[in-house]
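Structure first, commentary second.
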Amino acid sequence: MESNGYVDNTEAPNLSNKQLNNLAWRSLLLQASFNYERMQAAGWLYSILPGLRHIHKNKKDLSKSMKDHMEFFNTHPFLVTFIMGIILAMEQKKEDRESIRGIKVATMGPLGGIGDAMFFLTLLPITAGIGASLAIEGNIAGPFIFLILFNVVHFGVRFGLMRYGYKTGIKAIAKLKEGTKHVSRAASIVGLSVVGGLIATYVSFNVSYVWTSGEAELNVQSDVLDMIMPAMLPLAYTLAMYWLLKKGRSPLVLIGLTVLVGLAGSFFNIL
């Protein structure tokens, strides 16, 4: 057996576009067997298994590769195909097994963070906001617009990265390192801006109390609070909920608290 850990060191033929697309479809089940011991490992192996069978015709090589890929694995499910492409390219070239393991471990963490910033903090609020605004206006197309917009980007990225990662192989690692900080920062800024806009638009928290003295009237909301900062109360209440959530309070408790605040404000005619 050679030092790189293979019985058969012959490079395998390239995977076809059809095979790459099939692997991308299988990656949708990445978290179908999620557990707290190995996280996404079973789904990861399931996703790349047809590619490994195409590459490793020797049963001992295939067995060793499958065993290695059942180790702990956890990354963003939408960007996993990028890692799949790189790993399959390395497997095809019969790179050293420790190098393959190292690349897999080195990429899964950064892509997890980038994926959250791109999809859950940016794409999801934007597309959900568009769909929700249409639905609130009574447009039945709102939910469908949300699903279409979100998944056009989602599947475009999933299938595109599968081919990109495979064709560029380990060369893509250098490009990833160059752009990681910039992409993550830009996506976070856009996502926070969108969330801020959604708070001001959809969180309704207004004081209806009007202070009167003789003929003079002072609307607490429009004449005081809005003059200090528009949508100050929605922002303050949202930050308070976020703080309580970080302190370990259950979302159900926060929902109940919000209901109680609304009922109390309505009862005393101040909200």
Using the test ring-ring contact (aromatic ring centres under 6.0 Å, His included), find all partners of Y237 that sit at least two apart in sequence or belong to another chain.
->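 Once residues adjacent in sequence are excluded, the partners of Y237 under the ring-ring contact (aromatic ring centres under 6.0 Å, His included) criterion are F205.
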
H54: partners by ring-ring contact (aromatic ring centres under 6.0 Å, His included), with sequence neighbours left out = none

Using only atom types and a distance under 3.5 Å, with no angle test, would you say the side chain of [X] pairs donor to acceptor with the backbone of [Y]?
X    : Y    : answer
N21  : N17  : yes
Y166 : N14  : no
N151 : H154 : no
T81  : M84  : no

Among Ile, Leu, Val, Met, Phe, Trp and Tyr joined by side-chain contacts under 4.5 Å, find the other residues sharing a cluster with L29 and list them by chain and number.
->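 Grouped by the 4.5 Å side-chain rule, Y46 form the rest of the cluster around L29.
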
Using a side-chain heavy atom cutoff under 4.5 Å and only I, L, V, M, F, W and Y, what cluster partners does I255 have?
-> none

Does a donor on one side chain sit under 3.5 Å from an acceptor on the other, for Q92 and H56?
-> no

Please report the C-alpha distance between M39 and T75 in whole Å, then the side-chain angles of each, then the deciding distance to 0.1 Å, and finally whether the side-chain contact (heavy atoms from CB on, under 4.5 Å) criterion is met.
-> CA-CA 9 Å; M39 305 299 272; T75 192; over 6 Å; no

Rounded to the nearest 0.5 Å, how far apart are CZ of F144 and CG of L134?
-> 12.5 Å

More than 12 heavy atoms from other groups under 6.0 Å of CG on L260 | yes

Are there more than 12 heavy atoms of other residues, nucleotides or ligands under 6.0 Å from atom OH of Y242?
->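 Open.
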
Do any pairs count as a salt bridge (Lys or Arg N to Asp or Glu O under 4.0 Å) and have a residue in residues 68-78, sequence neighbours left out, and if so which ones?
-> D68-R97, D68-R101, E71-R101

Does anything in residues 18-39 pair up under ring-ring contact (aromatic ring centres under 6.0 Å, His included), and if so which pairs, sequence neighbours excluded?
-> W25-F155, W25-F159, F34-Y36

